[in-house]
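Chain letters run A, B, ... following the sequence lines, proteins first and then strands; every chain starts at 1.
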2 protein chains.
Amino acid sequence: MFGDFRAVPPSSMASKLWTIGQVAKAGEVNVETIRFYQRKGLLPVPPRPYGGIRRYDQKTLARLKFIQAAKRLGFSLEEIGQLLKLEDGTHCAEARELARRKLEDVRVRISDLKRIEAALDDLIQRCDRAEGQICCPLISVLESGLK
Amino acid sequence: MFGDFRAVPPSSMASKLWTIGQVAKAGEVNVETIRFYQRKGLLPVPPRPYGGIRRYDQKTLARLKFIQAAKRLGFSLEEIGQLLKLEDGTHCAEARELARRKLEDVRVRISDLKRIEAALDDLIQRCDRAEGQICCPLISVLESGLK
DNA sequence: CTTAAGCGCGTAGTCAGGTACGGAGTCAAC
DNA sequence: GTTGACTCCGTACCTGACTACGCGCTTAAG
């Protein structure tokens, strides 16, 4: 029932070896996501002891957390793959360049969204003012083609 | 060679009937995109004169432009489908509600991106200051898991 | 009449980032 | 020594928004 071989949290001692399920739980992702990252080359596939079950060390978990952190910064999995190649910390310039491009990217997206925000806000206000009219301003603006 | 039946722009007279290629060109989309929208129910499929070629009126083009305009406002195709049902302009309240939800949505995306922007900006500055150090701040922050 | 661009239609593929499934194997515990 | 939880692996499926392909047909021009 409970207490099976995976349910033991590898808390007590450092550098125990974990199952994929334990890594997934610790990294707060789906087991399938780990396999997916392995297929994408973002996570290593530990050797499988003849006929047994693969065991993962905390380096894999660290790498998983790295991936999640980079995702939160808006990097795509492909970009994360590039960052991971720089993981030894000796390629600061390249890493910074990737970050700089991503920052550019994020800023463009922000300004696009702000334009959209302003347009929507304006339309909604016009709708509010036009309450009960024959033609809805939002719809008619869309019909006119908008920009 | 040139001057074939599609190359004639329906400019001269209003309300000529166009081929799919002409509509696509006028709407600045791919022919396949129009077919795709038809399959999604966003554009009508005009009747096909027995064994002939479908002809599109300017209402279809207007609808296509409506779709493009709504896309620029950040609506998904599914949401655009809903907006199109309100196209007669008599459902202002519903349309406004859709727009309001989309505005909410856009604002959330903006604030997410601003958080990312700040984090990236900070990291890049740290990288700039750490020039030539052993460990890259960007990488080490990612390694630490970041939030 | 032939040529060639473009249409009609259905099916299938793409990309990102996963999620789900099913059958067989493994492991720990009762 | 069987149960039950979980692993392994391959493959398929998902959403969103398209894009491509292939075959045969239509149309206009030369």
Side-chain angles (χ1 to χ4, degrees), chain A residues 1-10 16-56 60 64 67-68 70-82 105, chain B residues 1-10 16-56 60 64 67-68 70-82 102 105 109:
Chain A
M1 193 133 340
F2 44 78
D4 75 294
F5 76 101
R6 273 153 307 105
V8 181
K16 256 247 168 121
L17 292 174
W18 309 341
T19 67
I20 196 172
Q22 288 167 343
V23 176
K25 187 165 259 181
E28 296 180 276
V29 297
N30 198 309
V31 168
E32 304 301 334
T33 303
I34 292 181
R35 293 201 216 281
F36 175 72
Y37 288 167
Q38 289 176 335
R39 288 198 294 273
K40 289 264 152 176
L42 298 179
L43 286 178
V45 183
R48 189 181 179 186
Y50 304 99
I53 282 179
R54 295 186 198 285
R55 299 296 172 154
Y56 298 78
T60 303
L64 181 55
I67 294 171
Q68 305 297 299
K71 264 168 61 76
R72 280 194 290 275
L73 285 180
F75 290 98
S76 70
L77 293 188
E78 189 176 342
E79 290 161 339
I80 291 170
Q82 292 170 41
D105 203 278
Chain B
M1 195 139 330
F2 43 79
D4 74 294
F5 75 102
R6 275 153 303 105
V8 180
K16 257 247 167 122
L17 292 175
W18 309 340
T19 66
I20 195 172
Q22 289 167 342
V23 176
K25 189 166 257 182
E28 297 180 275
V29 298
N30 198 308
V31 168
E32 303 300 334
T33 304
I34 291 182
R35 290 201 219 283
F36 175 72
Y37 288 168
Q38 289 176 336
R39 287 197 296 275
K40 288 263 151 178
L42 298 179
L43 286 178
V45 182
R48 190 180 179 187
Y50 305 99
I53 283 178
R54 296 186 198 287
R55 297 297 171 155
Y56 297 79
T60 304
L64 181 54
I67 294 170
Q68 306 296 300
K71 265 168 60 74
R72 279 194 290 275
L73 285 179
F75 290 98
S76 71
L77 294 188
E78 190 177 340
E79 289 162 340
I80 292 170
Q82 293 169 41
K102 183 52 55 182
D105 202 278
R109 272 149 70 198

Might you work through the side-chain contact (heavy atoms from CB on, under 4.5 Å) test for B/R35 and B/I20, ending with a clear yes or no? CA-CA 9 Å; B/R35 290 201 219 283; B/I20 195 172; 3.5 Å; yes
Tell me whether the OP1 or OP2 atom of C/dG18 has a side-chain N or O from A/K71 closer than 4.0 Å. yes
Between C/dC27 atom P and A/Y50 atom OH, what is the distance in whole Å? 15 Å
Quick one: on DNA chain C, does B/I20 or A/L77 contact a more 5' nucleotide (nearest heavy atom)? B/I20
B/E78 CD to D/dT15 C1': how many Å, rounded? 10 Å
Correct closest heavy-atom pair for B/I80 and B/A70 would be CG1-CB, 3.6 Å
Under 4.0 Å between a side-chain N or O of A/S76 and OP1 or OP2 of C/dA16? no
Assess whether side-chain contact (heavy atoms from CB on, under 4.5 Å) is satisfied between A/I34 and A/Q38, documenting all intermediate values. CA-CA 6 Å; A/I34 292 181; A/Q38 289 176 335; 4.1 Å; yes
Distance check needed: D/dC9 C1' versus A/R54 CZ, whole Å only. 9 Å
Quick one: A/Q38 CD to D/dC8 C1', roughly how many Å, whole number? 11 Å
Is A/T19 close enough to D/dT7 that one of its side-chain N or O atoms is under 4.0 Å from OP1 or OP2 there? yes
Taken to the nearest whole Å, NZ/B/K25 to P/C/dA5 is 14 Å
Return the value, rounded to whole Å, for the distance between atom CG of A/L43 and atom C1' of C/dG17. 14 Å
Separation of A/I34 atom CD1 from C/dG18 atom C1', in whole Å? 13 Å
Ignoring the backbone of A/I53, work out which of D/dT7, C/dA20, C/dG18 is nearest its side chain. D/dT7
D/dC9 phosphate, OP1 or OP2: any side-chain N/O from A/R35 under 4.0 angstrom? no
Find the distance A/L17:CG to D/dT7:C1' and express it as a whole number of Å. 15 Å
Reckon A/T33 has a side-chain N or O less than 4.0 Å from the OP1 or OP2 of C/dG17? no
Looking only at the side chain of A/F36 (C-beta and beyond, no hydrogens), which of the listed nucleotides D/dC21, C/dG8, C/dG17 gets closest? C/dG17
Could you check B/Y37 against B/L77 for side-chain contact (heavy atoms from CB on, under 4.5 Å), going step by step and ending with a plain yes or no? CA-CA 9 Å; B/Y37 288 168; B/L77 294 188; 3.8 Å; yes
Compare side-chain N and O positions of B/K40 against OP1 and OP2 of D/dT15 and report whether any pair is under 4.0 Å apart. no
Compare side-chain N and O positions of B/R48 against OP1 and OP2 of C/dC9 and report whether any pair is under 4.0 Å apart. yes
Apply side-chain contact (heavy atoms from CB on, under 4.5 Å) to the pair B/V29 and B/Q68, showing each step before the final yes or no. CA-CA 9 Å; B/V29 298; B/Q68 306 296 300; 3.6 Å; yes
By nearest-heavy-atom nucleotide on DNA chain C, the more 5' of B/V31 and A/Y37 is B/V31
So if I take every side-chain heavy atom of B/R39 and compare against C/dT19, C/dG8, D/dT19, which nucleotide ends up nearest? D/dT19
